[in-house]
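Taking it in order: structure first as structure tokens, then the write-up.
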Amino acid sequence: MMEKLSQQEEEAMQAVWQSGPGFIKDFLDQLAEPKPPYTTLASTVKNLERKGFLKSEKKGNSFRYFPLIQEEEYKKRFMSGFVSNYFQNSYKDLVTFFANEKKISATDLKEIIKLIEKQ
């Protein structure tokens, strides 16, 4: 089971996925303002490495990090966990919830049905 990331960790992973393998300063460049302090990002990255999301290699006196988990894989695992935790494993209940909350329009639903029929 993949560990759920905190928002801070998730933002750091997004930065890694966007920039590709790199150094902490590269990831910092990807983050939106207000950016966290360098040291905060560095400790978040260390946590991600400990959790098995990133791997590092020493380059000179700094470390280059690269993702061990791709964004698509994370989304898939996170979504299935989310659906099982909140919607008793029913994607139908999930879609119904968003439809009732007026977050999905009839047009969206028609497009979703088209996608499903193509499978």
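- Listed here is the closest heavy atom pair of Leu48 and Ala12: CD1-CB, 3.8 Å.
- A distance of 12.0 Å separates NZ of Lys114 from CD1 of Ile112, quoted to the nearest 0.5 Å.
- Counting heavy atoms from C-beta on, the side chains of Asp26 and Gln30 never come closer than 4.5 Å.
- Judged by distance alone, the side chain of Thr40 and the main-chain N or O of Pro36 form no donor-acceptor pair under 3.5 Å.
- The OG atom of Ser105 lies 7.0 Å from the CG atom of Leu109; values are rounded to the nearest 0.5 Å.
- The number of heavy-atom neighbours closer than 6.0 Å to NZ of Lys55, taken from other residues, nucleotides and ligands shown, is 12 or below.
- Of all the heavy atoms in Ala15 and Leu31, the pair that sits closest is CB-CD2, 4.0 Å.
- Cluster membership for Leu5 and Ile24, using ILVMFWY side-chain heavy atoms within less than 4.5 angstrom, is shared.
- Residues passing the ring pair (Phe, Tyr, Trp, His ring centres under 6.0 Å) test with Tyr86, sequence neighbours excluded: Phe82.
- The minimum heavy-atom distance linking Glu9 with Thr44 is given by the pair CA-CG2, 3.7 Å.
- The shortest distance between side-chain heavy atoms of Met13 and Leu54 falls below 4.5 Å.
- Rounding to the nearest 0.5 Å places OH of Tyr91 at 11.5 Å from CD1 of Ile116.
- In this structure, Lys25 and Tyr38 approach most closely via the heavy-atom pair N-CE1, 4.0 Å.
- Salt bridge Glu73/Arg77: present, at least one basic N to carboxylate O contact under 4.0 Å.
- Here the closest heavy-atom approach between residue Ser56 and residue Glu49 is recorded as OG-OE2, 2.6 Å.
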Under 3.5 Å, which donor-acceptor pairs do the side chains of residues 58-68 form with other protein atoms, sequence neighbours left out?
{"unit_1": "Lys58", "atom_1": "NZ", "unit_2": "Gly60", "atom_2": "O", "d": "3.3"}
{"unit_1": "Arg64", "atom_1": "NH1", "unit_2": "Glu57", "atom_2": "OE2", "d": "2.8"}
{"unit_1": "Tyr65", "atom_1": "OH", "unit_2": "Lys46", "atom_2": "NZ", "d": "3.1"}

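- The ring pair (Phe, Tyr, Trp, His ring centres under 6.0 Å) search around Phe97 returns Phe87, not counting sequence neighbours.
- Residue Lys51 qualifies as enclosed at atom NZ: its count of foreign heavy atoms under 6.0 Å is above 12.
- Atom CD of Gln7 has 12 or fewer neighbouring heavy atoms from other residues, nucleotides or ligands inside a 6.0 Å radius.
- The shortest non-hydrogen separation linking Glu10 to Tyr74 is OE2-OH, 2.6 Å.
- Looking at Trp17, its side chain does come within 3.5 Å of a backbone N or O of Ile69 through a donor-acceptor pair.
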